[in-house]
Trainee: 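Here it is: the structure, laid out below.
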Amino acid sequence: MTDNKLPDYDLIIVGGGMVGASLACALGSSGLRIAVIEARPFESEQQPSFDARTVALAYGSKQIFSAMGLWSAIEQLGVTPIKHIHVSDRGHAGSTHLHHQEHQVDALGYVVETRVIGRVLNETLSRLEHVELVCPAQVKNITFSPAMATVDIEQDGQQRSLSAKLLVAADGGNSLVRDLSGIKTINLDYGQSAVIANVATDRPHRHIAYERFTDTGPMALLPAHDTQGGDNLFALVWTVQHKQADKIMALEDAAFMSQLQQRFGDRAGRFVKVGTRHVYPLSLLQSREHVR
């Protein structure tokens, strides 16, 4: 492709997860010609950005989604405001308490399932006139010239090339775009994994989020939306060493809750139920370049 040929798009976004889909939605009314390349069908719940995890959105993130016209739809599907934050350190006296009234905001943050955000983003993308969803498609190669970037993809067994003035890598921690661009990274394994699950307590959460520091890593309980209408559900993030994660995952539910109670204490109440558990290794991944 020569530089005197006009590019197919103004912007190509590789990756249709939370980052890529949010960017496309934010620019959807700009008039820019946008292509979003995603390896999985957009209606697929297998998109790793929209799995069973919950995310705690800062108040500023809520304002951004509001400005994009998406917050009301997200809120209708289930959002739990964080009005108070309780921070403690296991084995040490004292604690810190934060309250939303002190900062003159409705909430300090909001807890929402990533799949809820994914549903709203994907439904919005499907309605945007200037955004083309190229999926499922696999990126095979990338070439750069002074005027444009060209992305070679495979879709439905066919090879094709797309070009744009700007290419955005939003394809996750193991970014192929980053690797094909020759951008180096710094990777540090924390030696820890996060065990996550939904847990229920014997009393209401009262919109309190808890963070507790321990000798194996931080623990967090985030007040969560219960589709059954209850108000005693938390999203748990329990950070442990890699070797401890397998043992914790193998515990029966009663033993898991007993060990969780021993580590966390009773400030949130007594744990009475736990849902499906998942484990994610934790590491620091930093790109040496962010713009080229």
Trainee: Keeping to residues at least two apart or across chains, list the side-chain hydrogen bond (donor to acceptor under 3.5 Å, both in side chains) pairs with something in residues 265-277.
Mentor: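 Matches after skipping sequence neighbours: D253-R277.
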
Trainee: Please, which pairs that meet side-chain hydrogen bond (donor to acceptor under 3.5 Å, both in side chains) have at least one residue in residues 169-181, sequence neighbours excluded?
Mentor: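 Sorted pair list: D171-S175.
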
Trainee: Taking D8's backbone N and O only, do any of them form a donor-acceptor pair with S163's side chain (distance below 3.5 Å, no angle check)?
Mentor: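 Pair found, side chain donor or acceptor close to backbone of D8.
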
Trainee: Judged by atom type as modelled, is there a donor-acceptor pair below 3.5 Å linking the side chain of Q261 to the main-chain atoms of G265?
Mentor: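 Between the backbone of G265 and the side chain of Q261 there is a qualifying donor-acceptor contact (under 3.5 Å).
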
Trainee: Kindly assign one of parallel, tilted or perpendicular to the pair H86 and Y210, based on the angle between their ring planes and the thresholds 30° and 60°.
Mentor: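 If you compare the ring of H86 with that of Y210, the planes turn out tilted.
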
Trainee: Specify the closest pair of heavy atoms between S193 and P281, including all atoms of both residues, with the distance to one decimal.
Mentor: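 Minimum heavy-atom separation between S193 and P281: OG-CA, 3.7 Å.
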
Trainee: If you count every heavy atom of other residues, nucleotides or ligands that lies below 6.0 Å from E129 atom CD, does the total exceed 12?
Mentor: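 No, because the 6.0 Å sphere around CD of E129 holds 12 heavy atoms or fewer from other groups.
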
Trainee: With no hydrogens and no angle check, is any side-chain donor or acceptor of T80 less than 3.5 Å from a backbone partner on H225?
Mentor: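 Checking the backbone N and O of H225 against the side chain of T80, a donor-acceptor pair under 3.5 Å is found.
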
Trainee: Specify whether H99 and H97 have parallel, tilted or perpendicular ring planes, treating 30° as the upper limit for parallel and 60° as the lower limit for perpendicular.
Mentor: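 H99 vs H97 ring planes: parallel.
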
Trainee: Assigning hydrophobic clusters by single linkage (Ile, Leu, Val, Met, Phe, Trp, Tyr; side-chain heavy-atom cutoff under 4.5 Å), is L121 placed with I64?
Mentor: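 In one cluster with L121: I64, yes.
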
Trainee: Is the closest side-chain heavy-atom distance between P223 and I82 below 4.5 Å?
Mentor: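 A side-chain contact under 4.5 Å exists here.
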
Trainee: Backbone N or O of T216 within a donor-acceptor pair of the Q241 side chain at under 3.5 Å?
Mentor: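 No; zero donor-acceptor contacts below 3.5 Å.
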
Trainee: Please check if the number of heavy atoms outside Q158 that lie under 6.0 Å from its CD is greater than 12.
Mentor: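 Atom CD in Q158 is not crowded, with 12 or fewer foreign heavy atoms closer than 6.0 Å.
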
Trainee: For side-chain hydrogen bond (donor to acceptor under 3.5 Å, both in side chains), just list the numbers for H242 and D189, CA-CA rounded to whole Å, side-chain angles, deciding distance to a tenth of an Å, and then say yes or no.
Mentor: CA-CA 10 Å; H242 288 322; D189 186 347; 3.2 Å; yes

